[in-house]
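So the structure is just underneath, and the comments pick up after that.
From a predicted model like this one, the values you see are computed outputs, not experimental measurements.
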Amino acid sequence: MKIFHTADWHLGKLVQGVYLTEDQEYVLEQLMQDIEQERPDVVILAGDLYDRAVPPTEAVQLLDRILVRMVMEIGVPVVAVAGNHDSPSRLDFGSSLMRAAGLHIAGEMNSPCDTVVLSDEHGEVHFHLVPYAEPGKVRHVLQDEEIRSHDDAMRKITDQIRRTMDPQARHVLVGHAFVTPTGEPEQNTSDSERPLSIGGAEHVSARHFAGFHYTALGHLHQAHHVADETIRYAGSPLKYSISEENHRKGYLVVELDAEGKATVQKRELKPRRDMRRVEGYMADIERQEINEDYVFVRLLDEAAVLSPMERIRTVYPNAMHVERKLSVIENYGEAGTSESRAKMDDLSLFRAFYKEVRGKELSEDTEELFVKVLHDVHAKEGERLETAKA
């Protein structure tokens, strides 16, 4: 069976005040062309179809057009689950009616989980749909007071599925969770994905997916496998923050053979505009050719730059952010911790700050100038205090 695994579309995404709907449609059109040409047996959407529970109208219309084209015009079944950004009830609306047409969406968590049965020349493949749900919700649905974390919830859900598995069929789990090899905490690879919980209780062990021939996951935006080659994140189809600058975006093509052995191929999608960092001096940037990419600019100029965003947008009209290379609030290198800096006198603190910013020691002339200014400031502060006391 040939499966296209995709996830985390985040339709209606807003980055730095810019809606990415046109960019999303651009890459999803490439996915649609591949679906038309190759006619996979099924397309998996592993959660976060939308970027928020109440998406903008343009995002709803885009998803509607894509699903109608996939299911009704091309005739490829779709199995999808809600992610943490989606509204389960909204995705569930009309799901019973759409199921007959080949669109299978699990929004709300059910017990037992929804199972979609598809067949190829080798027999049945069972798709077990596990939408994102808070542990409290799973605890209520399963009537199990032992469920306190996301890991507890996934363990109970997969145990329940395994108890009724048909040993003659192949089995695919579709879920939306933060999965690590043993449930240990890990850093997310993207700043654009909000945590599922506070305090590290969001992580789920990959061990719970033993017995499934393939596990199609959503939530993390970088495509990768976890512990086993058959436990996979497809990643998002677009970069949704500058922290994803080095991600290679696309979707996965999964082939299940007669025995359920999965082979996986990554397909990359070409964005309408890249999202990347640009670093340089303003004068050098202004000499470059006009570029439509979404850029986050870091200026190297030591002197103040007037109207930096306006000037940068003459070259990069879609620039999203401009910053200086170093900020006065950064750590002061050898000055050490905030506690040690607090114990330093003003001159020592300035020396450490100057070395961190400029990469060299403070010169005698600059030190004398700083001391003079500092004396003047202290004198004026003293005059103000005396006036206030009087």
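Around the CE atom of Met72, the shell of radius 6.0 Å holds no more than 12 heavy atoms that belong to other residues, nucleotides or ligands. The 12-atom threshold is exceeded at CD of Gln265, counting heavy atoms of other residues, nucleotides or ligands nearer than 6.0 Å. By the 6.0 Å contact criterion, NE2 on His225 is enclosed, its count of non-hydrogen atoms from other residues, nucleotides or ligands being greater than 12. At most 12 heavy atoms of other shown residues, nucleotides or ligands fall within 6.0 angstrom of atom CD in Glu259. The environment of CD in Gln187 is sparse: at most 12 heavy-atom neighbours from other residues, nucleotides or ligands sit within 6.0 Å.
Nearest heavy atoms, Pro317 versus Ile290: CD-CG2, 4.1 Å. Residues Tyr233 and Val226 share a closest heavy-atom pair of CE1-CG2, 3.8 Å. When every heavy atom of Pro135 is checked against every heavy atom of Ile147, the shortest pair comes out as O-CG2, 3.7 Å. Scanning all heavy atoms of the two residues, the minimum distance from Ala7 to Pro237 falls at O-CD, 3.5 Å. Listed here is the closest heavy atom pair of Ser243 and Asp191: OG-N, 2.7 Å. Of all the heavy atoms in Ala262 and Val254, the pair that sits closest is CB-CG1, 4.1 Å.
Counting heavy atoms from C-beta outward, Gln30 and Lys270 have side chains that approach closer than 4.5 Å. Using a 4.5 Å heavy-atom cutoff, the side chains of Ile3 and Pro40 are not in contact. Under the 4.5 Å side-chain criterion, counting only non-hydrogen atoms from C-beta, Leu238 is not in contact with Lys249. Residues Val297 and Ile285 meet the side-chain proximity criterion, which asks for heavy atoms closer than 4.5 Å. In this structure, the side chains of Arg232 and Tyr214 come closer than 4.5 Å at one or more pairs of heavy atoms. No side-chain heavy atom of Asp41 sits less than 4.5 Å from a side-chain heavy atom of Pro77. The shortest side-chain heavy-atom distance between Val253 and Lys266 does not fall under the 4.5 Å cut-off. In this structure, Asn110 and Val141 have side chains that are not in contact, with every pair of non-hydrogen atoms separated by 4.5 Å or more.
Of the residues listed (Thr57, Leu63, Asp64), the one engaging Gln61 in a side chain to side chain contact (heavy atoms under 4.5 Å, CB included) is Thr57, and it is the only one. When each of Leu45, Ile44, Val43 is tested with His5 by the rule side chain to side chain contact (heavy atoms under 4.5 Å, CB included), just one qualifies, namely Ile44. Looking at Asp151, Thr215, Thr158 one by one, the single match for side-chain hydrogen bond (donor to acceptor under 3.5 Å, both in side chains) with His208 turns out to be Asp151.
At a threshold of 4.0 Å, the pair Lys156-Asp159 does not count as salt-bridged, since none of the basic side-chain nitrogens sits closer than that to a carboxylate oxygen. Ion pairing between a basic and an acidic side chain is recognised when a charged N comes within 4.0 Å of a carboxylate O; Arg248 and Glu268 show such pairing. We find that Glu29 and Arg69 are joined by a salt bridge, their nearest charged nitrogen and carboxylate oxygen being less than 4.0 Å apart. Note on Glu146 versus Arg139: no salt bridge recorded, every NZ/NE/NH1/NH2 to OD/OE distance being 4.0 Å or above. Ion pairing between Glu286 and Arg311 holds under the 4.0 Å rule for side-chain N and carboxylate O. Between Lys239 and Asp274 a salt bridge is recorded (basic side-chain N to carboxylate O distance below 4.0 Å).
Without hydrogens or angle criteria, Glu73 side chain to Met70 main chain gives no donor-acceptor distance under 3.5 Å. Counting only distance, with no hydrogens or angles, the side chain of Asp86 and the backbone of Tyr50 share a donor-acceptor pair below 3.5 Å. Not one N or O on the side chain of Asp301 forms a donor-acceptor pair closer than 3.5 Å with the backbone of Ala303. Side chain of Gln288 to backbone of Val315: no donor-acceptor contact under 3.5 angstrom is found.
Under 3.5 Å, the side chains of Asp34 and Tyr251 contain a donor-acceptor pair of N or O atoms. Remark: the Tyr294 side chain and the Asp23 side chain contain an N/O donor-acceptor pair separated by less than 3.5 Å. Checking Gln24 against Tyr240 by side-chain atom types alone, a donor-acceptor pair falls below 3.5 Å. Checked by atom type, the side-chain pair Glu367/Tyr354 shows no donor-acceptor distance below 3.5 Å. In this model, a donor atom of one side chain and an acceptor atom of the other lie less than 3.5 Å apart for Glu292 and Asn318. With hydrogens and angles left out, the side-chain atoms of Glu244 and Thr189 include no donor and acceptor closer than 3.5 Å. For the residue pair Ser89 / Asp92, no side-chain donor-acceptor distance below 3.5 Å is found, with atom types taken as modelled. With 3.5 Å as the limit, one finds a donor-acceptor pair spanning the side chains of His85 and Glu193. For Thr115 and His128, the side-chain atoms include at least one donor-acceptor pair closer than 3.5 Å. Side chain to side chain, His221 and His247 fail the donor-acceptor criterion of an N or O pair below 3.5 Å.
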* Between Asp120 and Arg170, is a salt bridge (charged side-chain N to carboxylate O under 4.0 Å, His left out) present by the stated rule, with each step listed? -> CA-CA 11 Å; Asp120 62 6; Arg170 292 158 288 169; 2.6 Å; yes

* Asked: Can you check side chain to side chain donor-acceptor pair (under 3.5 Å) on Asp228 and Thr230, steps first, answer last?
  -> CA-CA 5 Å; Asp228 189 284; Thr230 64; 2.6 Å; yes

* Check the pair Glu255 / Lys261 against salt bridge (charged side-chain N to carboxylate O under 4.0 Å, His left out), numbers first and verdict last. => CA-CA 8 Å; Glu255 296 272 6; Lys261 181 180 179 181; over 6 Å; no

* Show your reasoning for whether salt bridge (charged side-chain N to carboxylate O under 4.0 Å, His left out) applies to Arg272 and Glu22. => CA-CA 9 Å; Arg272 181 185 181 200; Glu22 292 182 358; 2.8 Å; yes

* So Arg267 and Glu38, salt bridge (charged side-chain N to carboxylate O under 4.0 Å, His left out) or not? Walk me through it. -> CA-CA 13 Å; Arg267 297 274 185 86; Glu38 300 185 35; 2.7 Å; yes

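Of the inter-residue distances, the one linking Lys13 atom NZ with Asp51 atom CG reads 4.0 Å to the nearest 0.5 angstrom. Taking OG from Ser236 and CG from Leu220, the interatomic distance works out to 10.5 Å, rounded to the nearest 0.5 Å. Here the straight-line distance linking atom CE of Met320 with atom CZ of Arg276 works out to 13.0 Å at 0.5 Å rounding. The OG atom of Ser149 lies 12.0 Å from the CG atom of Leu196; values are rounded to the nearest 0.5 Å. Atom OG of residue Ser111 and atom CD1 of residue Ile157 lie 9.0 Å apart, to the nearest 0.5 angstrom. From Leu28, atom CG reaches atom CE of Met32 across 9.0 Å, with rounding to the nearest 0.5 Å.
Using bins of under 30°, 30° to 60° and over 60° for the plane-to-plane angle, the ring pair His219/His176 lands in the perpendicular bin. Ring geometry for His321 versus Phe296: interplanar angle of 30 to 60°, hence tilted.
Residues His150 and Phe178 keep their aromatic ring centres 6.0 Å or farther apart.
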